[in-house]
Participant: 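Below: one structure in structure tokens.
Lettering follows sequence order; numbering is per chain, from 1. Because the structure is predicted, anything quoted here is derived from the model rather than measured.
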Amino acid sequence: MRDLACERGGRLVYDGLSFSLKGGEALVLTGPNGAGKSSLLRQLAGLLDVVRGEIALEGGDPERTPGEQAHYVGHLDALKPSMSVAETIAFWRVFFGSIPQGAETALEALGLLHLADLPVAYLSAGQRRRLSLARLIAVPRPIWLLDEPTVALDAASVARLVRLMKGHLGQGGMIVAATHLDLGLENEKTLRLGAEVVA
Amino acid sequence: MRDLACERGGRLVYDGLSFSLKGGEALVLTGPNGAGKSSLLRQLAGLLDVVRGEIALEGGDPERTPGEQAHYVGHLDALKPSMSVAETIAFWRVFFGSIPQGAETALEALGLLHLADLPVAYLSAGQRRRLSLARLIAVPRPIWLLDEPTVALDAASVARLVRLMKGHLGQGGMIVAATHLDLGLENEKTLRLGAEVVA
Amino acid sequence: MAAMNSLTALQRFHAYANPARFMALSARLVAPLWILSVLVIGAGLWFALFDSPPDYQQGETVRIMYVHVPSAWLAMFGYGVMAFASAVGLVFRHPLSDVCAKSAAPIGAGFTFLALLTGSLWGQPMWGTWWEWDARMTSVLILFFLYLGYIALWATIEEPVRAARAAAVLALVGAINIPIIRYSVVWWNTLHQPASVFRMDGPSIAPAMLLPLGLMGVGFTLLFITLLLVRMRAEVMRRRVRNLRLATAGAAAEG
Amino acid sequence: MMRAFLALLARDLRLAVRLGGGGGMAVFFFLIVISLLPLGIGPDRALLAKVAPGMLWVALLLAALLTLDRLFQADYEDGSLDLLTMGALPLELIVVAKALGHWLTTGLPLVVAAPLLGVLLNLPGEAYPPMMAAMLIGTPALSFLGAIGAALTVGIRRGGLLASLLVLPFYIPVLIFGVGAADATAGGFSGEAGRQSLALLGAVALASLVLGPLGGAAALRANLR
Amino acid sequence: MMRAFLALLARDLRLAVRLGGGGGMAVFFFLIVISLLPLGIGPDRALLAKVAPGMLWVALLLAALLTLDRLFQADYEDGSLDLLTMGALPLELIVVAKALGHWLTTGLPLVVAAPLLGVLLNLPGEAYPPMMAAMLIGTPALSFLGAIGAALTVGIRRGGLLASLLVLPFYIPVLIFGVGAADATAGGFSGEAGRQSLALLGAVALASLVLGPLGGAAALRANLR
Amino acid sequence: MDEFFHMGGYAFYVWSAYGAAFAVIVALVWQSVADYRAQTRLAETLEKAAGGRVRRAAHREHETGEDAS
Ligand code: HEM
Ligand SMILES: Nc1ncnc2c1ncn2[C@@H]1O[C@H](COP(=O)(O)OP(=O)(O)OP(=O)(O)O)[C@@H](O)[C@H]1O
Ligand SMILES: Nc1ncnc2c1ncn2[C@@H]1O[C@H](COP(=O)(O)OP(=O)(O)OP(=O)(O)O)[C@@H](O)[C@H]1O
Ligand SMILES: [Mg+2]
Ligand SMILES: [Mg+2]
């Protein structure tokens with residue numbers, strides 16, 4: 001799939017906001033609290049209704065919604081305390097249609113391999129965060145939607161994440177990330193949602 | 001109250017760790033994910049048992065536990081969606097033993113005043129965070145225990161928070177904060193908890 | 001994204017069918033409706049209480065029928081309105097139909113309650129019991145539960161869009177279930193022969209009774225419609241209030 | 001101290017009302033369970049009258065049980081409970097405030113609703129006064145004993161069910177004496193037995209007023225840290 | 001697609017077992033309710049036998065209801081549900097998987113436990129086979145209809161109680177026909193009525209297998225976005 | 001006249017039936033009207049309080065499906 005033209009507006013938060021994104025490009029959403037970053041990401045992921053305007057995805061197979069071709073990592077980590085780290089990744093791999101094996105690479109990529117057999121309940125905030133980020137690697141999908149992905153991550157982990165994001169862009173993937181601190185990706189556009197455009 | 005000598009060790013995560021803090025001083029906890037920052041803060045707040053070692057508080061009235069003289073702001077925001085912003089602060093003021101009136105200053109300080117009548121359910125992540133931080137101002141207590149207080153805050157709000165922290169230190173208060181990004185307080189000690197210990 | 005486009009088309013359609021027009025129209029209708037319903041009900045009451053004969057076997061208690069039966073009718077009518085409006089709201093996403101469904105529920109519940117109350121006030125002198133697990137009474141009781149559940153759902157979900165759709169689903173599933181429930185109750189009631197063999201087919205109604213019954217029926221229906229309009233207007237205002245508050249929240253997101 | 005107590009109580013009441021959750025739900029549940037019973041055991045009015053008091057009490061117990069998780073779970077999940085323990089109010093009084101709030105929003109409405117449901121089960125008229133009395137005395141015990149179960153299961157994700165399991169055994173005395181009080185006049189026992197079971201019920205209630213806060217606070221301490 | 005379905009089912013079963021929140025709880029609750037009843041009604045064995053089938057069914061209904069919030073709530077709260085909808089598996093099938101999991105971890109154990117409890121209520125021997133049959137046919141309906149209620153209340157914090165309120169009216173046909181099947185032999189009706197009610201129960205169950213996923217999916221769509 | 005109120009011995013049932021009907025209907029009417037008044041007043045105060053932009057926003061919202069659906 002090549003490039004995504006997304007034009008949307010409506011919902012009380014912002015209006016007439018529109019942008020488009022090519023493969024290999026990243027869009028960084030900034031803006032004050034309550035500007036609507038999370039809302040926008042949820043709409044892109046198809047988790048929130050689009051009131052006006054539309055989200056179009058050129059290329060990519062037509063009968064799959066953008067949501068089905070995207071990864072969404074939000075404030076909630078979608079982890080089950082009683083499942084082990086390895087089980088968690090394995091499940092999501094199967095559910096999203098790849099094979100359970102080969103989850104190690106994903107854990108490796110986020111430095112969780114040595115925790116593989118630990119129940120999620122024992123993980124610290126940042127470890128949990130890294131685990132939910134591991135889905136990005138575990139199942140390849142062209143679009144990444146990240147809502148404040150660096151929350152609770154230590155410096156090392158942030159660096160690791162940035163590396164992964166660059167790799168993804170390098171393979172022609174797209175990233176839309178809401179964050180308050182600068183990630184320093186190469187070809188990134190920045191979309192600043194201001195409070196001015198309240199509905 | 002003058003100064004707090006806190007010595008503690010034990011618990012699977014770290015051991016034989018000890019430090020002391022004077023009034024007007026801040027202690028910044030850093031360290032990789034899983035190092036035990038949150039755990040330490042909860043122990044200081046009396047929300048987690050101390051396995052070995054002790055937490056002593058010189059000065060301050062003896063028959064009140066350190067927990068009762070401290071504010072703890074953790075990952076959970078302790079907010080009720082159906083209560084309005086003003087009601088929330090008013091409740092905590094009364095519950096922590098001051099009068100309901102005069103909560104405005106606290107809301108003012110975190111730029112929430114114009115949201116006063118709004119149900120918490122309507123707030124965005126950062127707005128909620130600021131509301132739970134407003135407790136620090138609403139009820140004066142000598143010790144602040146902050147676990148990653150800047151999470152979900154935009155730049156402006158972070159600046160505002162730092163100003164408040166400096167003010168608190170200026171009045172001889174103490175702050176123990178776990179954070180991954182540098183806050184740039186004046187007389188701050190830094191305690192770096194060791195690398196990831198898998199229990 | 002055909003779906004997306006059709007949806008936006010709907011949205012444009014809404015721009016025309018906006019609440020403002022409804023508010024303007026209903027504002028003109030409410031007052032006359034009040035007067036009309038009061039008049040009709042008043043006339044009905046006159047005939048019901050003064051100008052109609054006592055029943056040959058039920059005596060004066062038959063006068064209860066003039067409130068009982070219309071209430072019972074409206075109990076069912078109310079659910080009909082609710083279900084229909086819900087269907088429209090779910091299919092066409094028409095805002096006002098959601099408002100209509102929500103507003104109809106409490107009125108319908110009120111009349112259902114009345115049917116139950118007056119019914120048992122009738123039952124005591126007639127069969128010497130306040131309540132009988134007669135099939136029809138039982139199904140009305142269950143209808144009352146469906147109303148309560150619907151109202152509770154609206155009351156619990158804060159966000160109107162979500163609440164509307166969820167409640168609509170409930171109303172429709174309920175509409176599908178009502179016949180099943182009704183049938184099962186009848187089957188159950190005939191399986192164990194009920195203690196009292198009383199059937200509520202009602203006495204073959206004399207014309208002298210039919211007039212007040214009819215008047216009361218029409219009057220109650222008018223009242224229902226009037227109340228529905230008023231409640232819908234209130235609901236529209238409530239949503240305006242909510243939007244104003246949200247706008248404040250958004251504006252609060254100052255840079 | 002007292003003001004903190006009242007503030008907490010007021011807050012709980014407000015939340016219960018606002019959520020639409022509070023008492024309404026419990027009463028609604030009570031109502032539906034009671035009207036399910038005849039559908040289960042048939043419309044025979046004599047039979048219904050026989051089982052009425054017992055059924056009313058069992059349904060009352062269940063309705064109370066199902067609302068137990070409202071006691072502490074919500075406050076635990078959003079971190080409020082941590083903060084509540086950091087105030088000057090001793091944990092025991094916190095439990096009292098919560099149990100009291102639970103009774104006001106659940107037990108009381110249930111008692112008020114009971115007579116109406118008695119009609120549905122065709123409970124004989126003379127049974128009402130003693131039954132109401134018994135329920136007024138018994139329901140606080142349900143809330144305060146329930147607080148123990150709720151405190152024991154706080155932190156467990158969907159501990160509501162577990163809580164009811166832990167608590168039910170404690171409820172049995174309340175059930176027995178409560179039914180006894182109503183039965184005493186319903187079934188043709190001597191009023192003597194009725195007064196006796198009322199007295200015993202009162203004793204149980206008083207015991208629970210002490211046991212509940214102590215046990216609940218202990219359980220919370222165990223679970224919180 | 002099929003593999004995703006199975007993966008989801010397997011995960012739910014595993015979680016239910018690990019949490020212990022699974023069938024065990026429901027059965028335990030079932031057991032306790034049933035053993036409360038004699039305390040409420042009194043030890044009259046003839047009376048107990050009369051009400052036994054109805055009581056068993058009512059208790060079964062309640063036990064099933066109390067576990068409804070396990071269906072979607074947990075996955076909603078931790079954000080899993082959002083991700084599940086982002087897979088290729090249509091929402092209807094997700095609901096089927098969850099309802100199926102619920103039945104396997106709740107309905108089935110309850111049915112297995114029922115005969116033991118029948119003994120407590122001294123249910124006449126010849127009533128067991130039809131009752132078991134009825135329960136086996138009826139319990140899936142409980143899970144699938146319950147899915148609608150659970151889906152409707154998914155956003156709501158402790159929506160478990162509300163869910164049961166919404167669902168109970170829909171359970172009434174299951175209750176009636178279920179009891180009918182057991183009664184038909186217990187009370188001395190002609191077996192005719194029994195077979196008839198079994199057939200009707202089957203029809204209701206089939207209907208719910210369709211209605212449940214459709215309604216549940218619709219309700220989830222309403223609540224998720 | 002008394003014999004009218006007497007309702008052939010069924011006074012209690014007949015009159016409490018009509019009384020109940022009256023009570024329920026009055027309650028419905030009163031609640032509906034009061035609610036309408038309250039919401040209207042609230043909306044007016046909020047619109048005064050809110051800034052011009054916000055008010056326009058609220059009204060624009062008002063025309064979209066989002067608002068009233
Ligand atoms: C709480 C108890 C009762 C309930 C819920 C109830 C319900 C209903 C309903 C739903 C109707 C409308 C049926 C229709 O128009 O198709 C109705 C009509 C009627 N009811 Fe009742 N009823 C109750 C008690 C009684 C009693 C005790 C009597 C008389 C002794 C009675 C006499 C009638 C009569 C005469 C009609 C009109 C005839 C007809 O439309 O079929 N009802 N009732
Ligand atoms: N459930 C909700 N119902 C109504 N309004 C909401 C809801 N959630 C958020 N809002 C409003 O939507 C606006 C945008 O919220 P959103 O969470 O998208 O902001 P954000 O940019 O993510 O803020 P933050 O940086 O704090 O995460 C906020 O003004 C908030 O008040
Ligand atoms: N409930 C628990 N039971 C057992 N071990 C736990 C529990 N919670 C956390 N741990 C372990 O304790 C260690 C410290 O956790 P903690 O949350 O204090 O780390 P942290 O410094 O806060 O990490 P982060 O920076 O990600 O918040 C981690 O290794 C974690 O695995
Ligand atoms: Mg956000
Ligand atoms: Mg931490």
Side-chain angles (χ1 to χ4, degrees), chain A residues 12-14 29-42 74-77 85 110-131 133 147-161 178-182 192-195 198, chain B residues 11-14 29-42 74-77 85 110-112 114-115 118 120 122-133 147-161 178-182 192-199:
Chain A
L12 42 114
V13 184
Y14 40 75
L29 302 175
T30 65
N33 294 132
K37 301 179 291 299
S38 302
S39 309
L40 175 55
L41 282 168
R42 288 187 66 81
H75 293 299
L76 299 168
D77 53 16
V85 171
L110 283 128
L112 289 170
L113 200 46
H114 57 298
L115 297 179
D117 304 333
L118 212 64
V120 170
Y122 291 175
L123 299 186
S124 75
Q127 292 165 331
R128 295 171 65 93
R129 189 73 181 174
R130 268 143 65 191
L131 180 51
L133 286 168
D147 195 350
E148 300 181 22
T150 62
V151 162
L153 291 184
D154 54 22
S157 310
V158 172
R160 203 190 265 113
L161 175 63
T179 171
H180 293 302
L181 48 85
D182 175 32
R192 175 167 178 79
L193 299 177
V198 173
Chain B
R11 196 166 178 299
L12 45 109
V13 184
Y14 40 74
L29 302 175
T30 64
N33 296 132
K37 300 180 292 298
S38 302
S39 310
L40 176 53
L41 283 168
R42 288 187 65 81
H75 292 301
L76 299 169
D77 54 16
V85 171
L110 283 124
L112 290 170
H114 45 323
L115 292 181
L118 216 65
V120 170
Y122 293 174
L123 302 184
S124 76
Q127 290 165 331
R128 294 170 66 94
R129 188 71 180 179
R130 270 142 64 191
L131 181 51
S132 50
L133 286 168
D147 195 351
E148 299 181 24
T150 62
V151 163
L153 291 183
D154 53 25
S157 309
V158 172
R160 200 190 265 113
L161 174 63
T179 172
H180 293 302
L181 49 85
D182 176 31
R192 176 167 180 77
L193 295 180
E196 200 152 332
V197 186
V198 184

Participant: What part of A:L123 lies closer than 4.5 angstrom to a heavy atom of chain B: side chain, backbone, both or neither?
Facilitator: neither
Participant: Identify which part of A:A152 has an atom lying under 4.5 Å from any heavy atom of chain B, answering side chain, backbone, both or neither.
Facilitator: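 Its backbone and side chain both get close to chain B.
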Participant: What's the separation between atom CG in B:D154 and atom NZ in A:K37, rounded to the nearest 0.5 Å?
Facilitator: 7.0 Å
